[in-house]
Amino acid sequence: MQNYYQQQQQGVSAVGGGIVGPQYCAPYNVDLAIVRKVLTLADSFSVTDINGQTLFSLKGSLLTLRDHRVLLDAAGRPVVTLRRKLMTAHDRWQVFRGDSSDLKDLVFSVKRSSFFQLKTKLDVFLAHNTEEKVCDFKVKGSWFERSCVIYAGESLNIVAQMHKKHTAQSIMFGKDNFMVTVYPNVDHAFIVALIVILDEINQDTKGQ
């Protein structure tokens with residue numbers, strides 16, 4: 001079975017032109033700046049384009065113990081809801097459309113490739129891939145070094161990659177800045193949701 005990225009490359013849309021939505025796909029590279037505020041009461045994300053225009057923000061609550069996050073668009077509308085699936089060995093997250101948590105609105109799920117990991121390695125399964133024999137996307141790299149790469153399935157086709165961005169502001173104000181380059185015809189809302197999950201899993205690992 002072809003994965004989503006291969007279908008996109010051939011001009012065949014498996015899910016209406018985008019994993020989250022066609023409005024989040026562009027025929028060119030999209031560079032996103034992600035600012036993670038690490039000295040606040042609850043860690044938070046904001047995502048801007050290279051001109052500083054806010055594209056997404058993250059809504060969470062201390063009461064949810066970081067098991068529930070909502071990604072909002074620039075107008076404050078829910079794009080996807082991220083939920084940790086409790087009591088799973090490989091730290092599985094499920095992502096739902098809008099503010100839903102109903103299985104019929106499941107967009108994709110993410111799990112660690114193995115329980116013990118020295119470097120980040122995550123498997124991503126789109127909702128229709130119920131057998132999960134082959135992942136639709138794979139994340140590899142070092143989260144600590146902010147050098148993760150997202151691949152289409154088991155291939156070497158890169159769909160997005162991230163790298164650290166040091167600024168005076170990030171050092172002085174405790175803001176962890178990094179850049180993500182999303183490749184053409186890849187849903188950047190999907191990529192941002194993956195980055196949020198990466199961060200949550202990394203925070204859990206540090207707390208163990």
Side-chain angles (χ1 to χ4, degrees), residues 1-32 34 45 47 55-56 58 69 71 79-85 88-97 103 105-115 117 119-143 145-163 178-202 205:
M1 179 182 292
Q2 293 176 314
N3 62 44
Y4 170 80
Y5 182 75
Q6 289 169 324
Q7 290 174 320
Q8 281 290 84
Q9 290 295 88
Q10 296 173 9
V12 180
S13 173
V15 278
I19 294 172
V20 176
Q23 68 270 38
Y24 302 117
C25 296
Y28 47 81
N29 283 1
V30 175
D31 290 314
L32 304 175
I34 298 182
F45 266 81
V47 182
L55 300 178
F56 302 102
L58 193 64
R69 290 282 187 264
L71 187 68
V79 178
V80 289
T81 294
L82 299 83
R83 283 187 173 274
R84 188 201 315 270
K85 196 170 183 181
T88 55
H90 291 275
D91 212 350
R92 179 180 287 266
W93 282 77
Q94 294 177 310
V95 178
F96 301 88
R97 200 169 301 283
L103 276 179
D105 295 314
L106 181 68
V107 181
F108 66 93
S109 61
V110 181
K111 72 178 182 68
R112 285 194 283 188
S113 301
S114 58
F115 187 72
Q117 294 187 347
K119 287 198 171 185
T120 301
K121 194 173 180 183
L122 305 179
D123 293 335
V124 183
F125 303 96
L126 299 182
H128 62 76
N129 186 359
T130 54
E131 293 186 1
E132 297 189 354
K133 289 181 179 179
V134 179
C135 64
D136 295 286
F137 297 89
K138 188 176 284 287
V139 183
K140 295 180 182 179
S142 169
W143 174 256
E145 297 170 0
R146 298 297 191 266
S147 62
C148 292
V149 179
I150 301 170
Y151 298 91
E154 301 288 350
S155 75
L156 295 178
N157 292 329
I158 297 174
V159 298
Q161 54 185 331
M162 57 189 287
H163 52 91
F178 52 97
M179 300 292 295
V180 177
T181 299
V182 183
Y183 282 42
N185 301 317
V186 176
D187 189 317
H188 53 268
F190 163 68
I191 298 298
V192 170
L194 273 183
I195 298 297
V196 173
I197 293 171
L198 264 170
D199 181 63
E200 294 291 344
I201 290 175
N202 177 68
T205 302

Spatial distance of atom CD (Glu154) from atom NZ (Lys138) [nearest 0.5 Å]
4.5 Å
Does any non-hydrogen side-chain atom of Val124 lie less than 4.5 Å from one of Leu194?
yes
Would you check if the side chain of Asn157 reaches a backbone N or O of Tyr151 as a donor-acceptor pair within less than 3.5 Å?
no
Taking only residues two or more places apart in sequence, or in another chain, which ones meet Asn29 in a side-chain hydrogen bond (donor to acceptor under 3.5 Å, both in side chains)?
none
For Met179 and Ile34, run side-chain contact (heavy atoms from CB on, under 4.5 Å): C-alpha distance rounded to whole Å, both residues' side-chain angles, the deciding distance at 0.1 Å, then the answer.
CA-CA 6 Å; Met179 300 292 295; Ile34 298 182; over 6 Å; no
Taking ring-ring contact (aromatic ring centres under 6.0 Å, His included) as the definition, give me every residue that meets it alongside Tyr24, ordered by chain and number, with sequence neighbours left out.
Phe56, His188
Say whether, by atom type as modelled, one donor and one acceptor occur between the side chain of Asp105 and the main chain of Phe96 under 3.5 angstrom.
no
Using side-chain hydrogen bond (donor to acceptor under 3.5 Å, both in side chains) as the criterion, list what pairs up with Thr81, not counting sequence neighbours.
none
Are the side chains of Lys140 and Cys148 in contact, using a 4.5 Å heavy-atom criterion?
no
Answer yes or no: is there a side-chain heavy-atom contact under 4.5 Å between Ile197 and Val95?
yes
Correct closest heavy-atom pair for Ala189 and Leu71 would be O-CD2, 4.0 Å
With a 4.5 Å limit on heavy-atom distance, are the side chains of Leu58 and Arg69 in contact?
yes
Just wondering, do Leu198 and Ile195 contact through their side chains at under 4.5 Å, heavy atoms?
yes
Would you say Asp187's side chain and Cys25's backbone share a donor-acceptor pair under 3.5 angstrom?
no
So among Leu103, Leu82, Val110, which one has a side-chain contact (heavy atoms from CB on, under 4.5 Å) with Gln94?
Leu103
Judged by atom type as modelled, is there a donor-acceptor pair below 3.5 Å linking the side chain of Asp136 to the main-chain atoms of Gly153?
no
Within the distance-only criterion (no hydrogens, no angle test), does the side chain of Arg112 pair as donor or acceptor with the backbone N or O of Lys121 below 3.5 angstrom?
no
Using the six-membered ring wherever Trp is involved, compare the ring planes of Phe137 and Phe190 and label them parallel, tilted or perpendicular (cut-offs 30° and 60°).
tilted
Audit row: Val30, Thr181, side-chain contact (heavy atoms from CB on, under 4.5 Å) steps and yes/no:
CA-CA 6 Å; Val30 175; Thr181 299; over 6 Å; no
Side-chain touch Ile158/Ile150, heavy atoms, less than 4.5 angstrom:
no
Set out, in order, the CA-CA distance, both residues' side-chain angles and the distance that settles side-chain contact (heavy atoms from CB on, under 4.5 Å) for Ser147 and Met162, then state yes or no.
CA-CA 5 Å; Ser147 62; Met162 57 189 287; over 6 Å; no
Step-by-step side-chain contact (heavy atoms from CB on, under 4.5 Å) determination, Val182 to Val180:
CA-CA 6 Å; Val182 183; Val180 177; 4.1 Å; yes
Does some side-chain heavy atom of Val134 sit less than 4.5 Å from a side-chain heavy atom of Phe125?
no
Quick check for you: to the nearest 0.5 Å, what is the distance between Ser109 atom OG and Leu122 atom CG?
11.5 Å
Any side-chain heavy atom of Ile19 sitting closer than 4.5 Å to one from Val107?
yes
What heavy-atom pair brings Ala152 and Ser155 nearest, and what distance separates the two atoms?
O-OG, 2.5 Å
Nearest-0.5 Å distance, OH of residue Tyr28 to CG of residue Asn185
11.0 Å
